[in-house]
Amino acid sequence: QVQLVESGGGSVQAGGSLRLSCVASTLDSHYWMGWFRQAPGKEREGVAVLYTGGGPTDYADSVEGRFTISLDNAKNTLYLQMSSLKPEDTAMYYCAADRYWGRLESSGYKYWGQGTQVTVSS
């Protein structure tokens with residue numbers, strides 16, 4: 001079983017930056033991991049996904065060029081570096097992991113964290 005714990009959320013002004021972290025209890029090179037977010041009144045949406053064994057990453061069009069997903073294998077930690085933040089980025093952000101599902105669609109991920117809130121003001 002994989003336990004995931006997110007941190008790094010907070011309140012920032014538009015144009016600012018935040019780095020979210022997701023620490024996994026156990027991890028190897030055969031997991032898909034991703035960041036997802038849910039804003040008030042909206043459905044949960046995929047933000048970015050990677051494979052722990054390496055390879056291409058996938059980003060939502062709305063964050064392409066502004067957000068970067070990365071993995072530190074030594075620390076079992078997934079990161080989401082967020083820059084040029086917009087009010088539209090305001091949401092609860094979750095990390096997720098699965099051995100087989102590797103999509104921006106959230107339904108197939110087995111393991112989930114509790115979430116960390118990001119609020120961007122204009």
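It should be emphasised that the depicted structure is a prediction, and the values quoted were computed from it without experimental measurement.
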Could you check whether any side-chain N or O of Glu6 sits under 3.5 Å from a backbone N or O of Cys95, counting only pairs where one atom can act as donor and the other as acceptor?
yes
If I take atom CH2 from residue Trp35 and atom CD from residue Glu45, how far apart are they, to the nearest 0.5 angstrom?
14.5 Å
In this structure, which one of Leu27, Val5, Val23, Leu71 forms a side chain to side chain contact (heavy atoms under 4.5 Å, CB included) with Thr77?
Val23
Could you grab the distance from atom OH of Tyr31 to atom OG1 of Thr26, nearest 0.5 Å is fine?
5.0 Å
Determine whether Tyr93 and Tyr111 fall in the same hydrophobic cluster, where Ile, Leu, Val, Met, Phe, Trp and Tyr are linked whenever their side-chain heavy atoms lie under 4.5 Å apart.
yes
Indicate yes or no: at least one non-hydrogen side-chain atom of Lys86 is less than 4.5 angstrom from one of Val63.
no
Supply the atom-to-atom distance Ile69 CD1 to Thr57 OG1, rounded to the nearest 0.5 angstrom.
7.5 Å
Arg19 and Thr68: side-chain contact (heavy atoms from CB on, under 4.5 Å), yes or no, with the steps?
CA-CA 9 Å; Arg19 188 179 73 164; Thr68 301; over 6 Å; no
Side-chain heavy atoms of Ser106 within contact of Gln38, under 4.5 Å:
no
Compare every heavy atom of Gly46 with every heavy atom of Ala60, then report the nearest pair and how far apart it is.
CB-O, 3.4 Å
Should Met92 and Gln114 count as side-chain neighbours, where that means a heavy-atom distance under 4.5 Å?
no
Member of Asp98, Val2, Leu78 meeting the side chain to side chain contact (heavy atoms under 4.5 Å, CB included) criterion with Met33:
Leu78
Is there a side-chain contact between Leu104 and Tyr59, using heavy atoms and a 4.5 Å cut-off?
no
Would you name the heavy atoms of Ser17 and Ser84 that are closest together and state the gap between them?
OG-N, 4.3 Å
Can you name the one residue among Thr119, Asp89, Leu85 that meets side chain to side chain contact (heavy atoms under 4.5 Å, CB included) with Val12?
Leu85
Do Arg37 and Leu80 touch side chain to side chain, with heavy atoms closer than 4.5 Å?
no
Does any part of the side chain of Tyr109, heavy atoms only, come nearer than 4.5 Å to the side chain of Trp101, both counted from C-beta?
yes
Kindly work out whether a path of hydrophobic side-chain contacts (I/L/V/M/F/W/Y, heavy atoms less than 4.5 Å apart) joins Tyr94 to Phe67.
no
With clusters defined by side-chain heavy atoms of hydrophobic residues (ILVMFWY) lying less than 4.5 Å apart, directly or transitively, does Leu20 cluster with Phe36?
no
Show the nearest heavy-atom pair for residues Gly8 and Thr116, with the distance to one decimal.
N-OG1, 4.1 Å
Here the pair of heavy atoms bringing Thr52 nearest to His30 is OG1-N, 3.2 Å
Return yes when atom CD of Glu88 has more than 12 non-hydrogen atoms of other residues, nucleotides or ligands closer than 6.0 Å, and no otherwise.
yes
How long is the straight-line distance from OG of Ser83 back to CG of Leu18, given to the nearest 0.5 Å?
9.0 Å
Ala91 and Ala39: which non-hydrogen atoms are nearest, and at how many Å?
CB-N, 3.8 Å
Would you name the heavy atoms of Arg44 and Trp112 that are closest together and state the gap between them?
NH1-CZ3, 3.3 Å
Spacing of CD belonging to Gln81 relative to CZ belonging to Arg66, to within rounding of 0.5 Å:
12.0 Å
Please check this pair: side chain of Ser21 against backbone of Ser7, looking for a donor-acceptor N/O pair closer than 3.5 Å.
no
